[in-house]
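Following: one structure in structure tokens, then a few remarks.
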Amino acid sequence: MTETRTGSAAQPGARSWLSRTLQKLTADDRAVEAQELRSDAAIAGCSAVSACRKGEVVTVTGRIKSVVYTPRETVPTLEAELFDGSGSVTLVWLGRRRIPGIEPGRRLTARGRFAAFEGRQVIYNPWYELSAG
């Protein structure tokens, strides 16, 4: 006699695949993008912005949400908001009006000392690398 089992050993994998698929289909675009960015950061070995602490030298990666040129009396600055799915950090380049490739929608990896200024999380004059796409 042959016994067919439909026990719980086969269903957890199927259930988790199904639940992941349903979650992707029903989630809004921002939530899906945030999850993808967090996953990409983990794969790249980068720190999550939400886990960074003031004074640490960190490497973060994500997508540029906005770029603002701020003319100041003493030194012009270029500021880019980088979102990694867990939070945002403002990248600030002092003395720069424009950097080719630094534009909204671009993926970027940045390294520098994490700081706080006027209630914002910032990295001043970071080393950066633009990603394709």
Side-chain angles (χ1 to χ4, degrees):
M1 180 163 109
T2 306
E3 181 179 329
T4 304
R5 294 182 67 183
T6 58
S8 60
Q11 290 180 350
R15 217 178 293 166
S16 63
W17 174 83
L18 180 60
S19 64
R20 284 192 311 265
T21 303
L22 285 173
Q23 182 180 11
K24 285 181 181 178
L25 291 173
T26 58
D28 66 10
D29 290 341
R30 282 183 255 141
V32 171
E33 180 185 16
Q35 178 60 37
E36 288 174 359
L37 289 170
R38 284 192 302 269
S39 176
D40 291 347
I43 290 169
C46 295
S47 302
V49 170
S50 62
C52 295
R53 300 291 170 246
K54 184 178 174 183
E56 292 179 331
V57 175
V58 298
T59 302
V60 293
T61 188
R63 187 175 303 278
I64 298 174
K65 289 176 72 173
S66 64
V67 178
V68 176
Y69 165 65
T70 309
R72 302 198 188 236
E73 291 178 17
T74 55
V75 167
T77 61
L78 182 68
E79 299 180 2
E81 181 184 1
L82 182 73
F83 178 69
D84 78 341
S86 71
S88 293
V89 62
T90 303
L91 307 175
V92 179
W93 288 273
L94 301 171
R96 302 294 299 262
R97 289 181 172 80
R98 183 177 176 284
I99 299 174
I102 302 292
E103 54 195 33
R106 286 295 299 265
R107 287 185 180 251
L108 177 131
T109 300
R111 180 175 170 79
R113 189 165 307 275
F114 202 77
F117 181 72
E118 296 178 351
R120 298 184 304 163
Q121 299 173 321
V122 297
I123 299 175
Y124 288 99
N125 295 319
W127 168 90
Y128 68 94
E129 181 177 341
L130 295 169
S131 301

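As the structure is a prediction and not an experimental result, all values here were calculated from the model. Side-chain atoms are counted along with the backbone in the values below, which use heavy atoms only and exclude waters and symmetry mates.
In this structure, Arg63 contributes its side chain and Gly105 its backbone to a donor-acceptor pair below 3.5 Å. Thr109 places no side-chain N or O within 3.5 Å of a backbone atom of Thr61 that could act as its donor or acceptor partner.
The ring pair (Phe, Tyr, Trp, His ring centres under 6.0 Å) search around Phe114 returns none, not counting sequence neighbours. Contacts of Ala115 classified as side chain to side chain contact (heavy atoms under 4.5 Å, CB included), with partners at least two apart in sequence or in another chain: Val122. Remark: Val57 engages Arg111, Arg113 in a side chain to side chain contact (heavy atoms under 4.5 Å, CB included) (not counting sequence neighbours). For Thr70, there are no side chain to side chain donor-acceptor pair (under 3.5 Å) partners at least two apart in sequence or on another chain. Ser88 pairs by the side chain to side chain donor-acceptor pair (under 3.5 Å) definition with Glu81, not counting sequence neighbours.
Hydrophobic clustering keeps Val92 apart from Ile123 (ILVMFWY residues linked when any side-chain heavy atoms are closer than 4.5 Å, directly or through intermediates). With hydrophobic clusters built from ILVMFWY side chains whose heavy atoms lie under 4.5 angstrom apart, Leu91 does not share a cluster with Phe83. Cluster membership for Val68 and Val75, using ILVMFWY side-chain heavy atoms within less than 4.5 angstrom, is not shared.
Nearest heavy atom pair, residue Ile64 against residue Ala80, reads CG2-CB, 4.2 Å. Here the shortest heavy-atom pairing between Val67 and Pro104 reads CG2-CD, 3.8 Å. Shown here for Leu108 and Leu82, the closest heavy-atom pair between the two residues is O-CD1, 4.0 Å.
Applying the salt bridge (Lys or Arg N to Asp or Glu O under 4.0 Å) definition to pairs two or more places apart or across chains, none involves residues 49-62. Within the structure, ring pair (Phe, Tyr, Trp, His ring centres under 6.0 Å) contacts touching residues 92-112 (residues at least two apart or in different chains) are Trp93-Tyr128. Among residues at least two apart or in separate chains, salt bridge (Lys or Arg N to Asp or Glu O under 4.0 Å) pairs with a member in residues 116-130 are Glu79-Arg120. Applying the side-chain hydrogen bond (donor to acceptor under 3.5 Å, both in side chains) rule to pairs touching residues 96-105 yields Tyr69-Arg97, sequence neighbours excluded.
The OG atom of Ser47 lies 9.5 Å from the CG atom of Asp84; values are rounded to the nearest 0.5 Å.
Of the candidates Asn125, Leu78, Thr74, Asn125 is the only one forming a side chain to side chain contact (heavy atoms under 4.5 Å, CB included) with Leu94.
Side-chain contact between Ile102 and Leu130 is present, with at least one heavy-atom pair separated by less than 4.5 Å. The closest side-chain heavy-atom distance from Cys52 to Val60 is below 4.5 Å.
Cluster partners of Trp127 are absent, since no Ile, Leu, Val, Met, Phe, Trp or Tyr has side-chain heavy atoms less than 4.5 Å from it.
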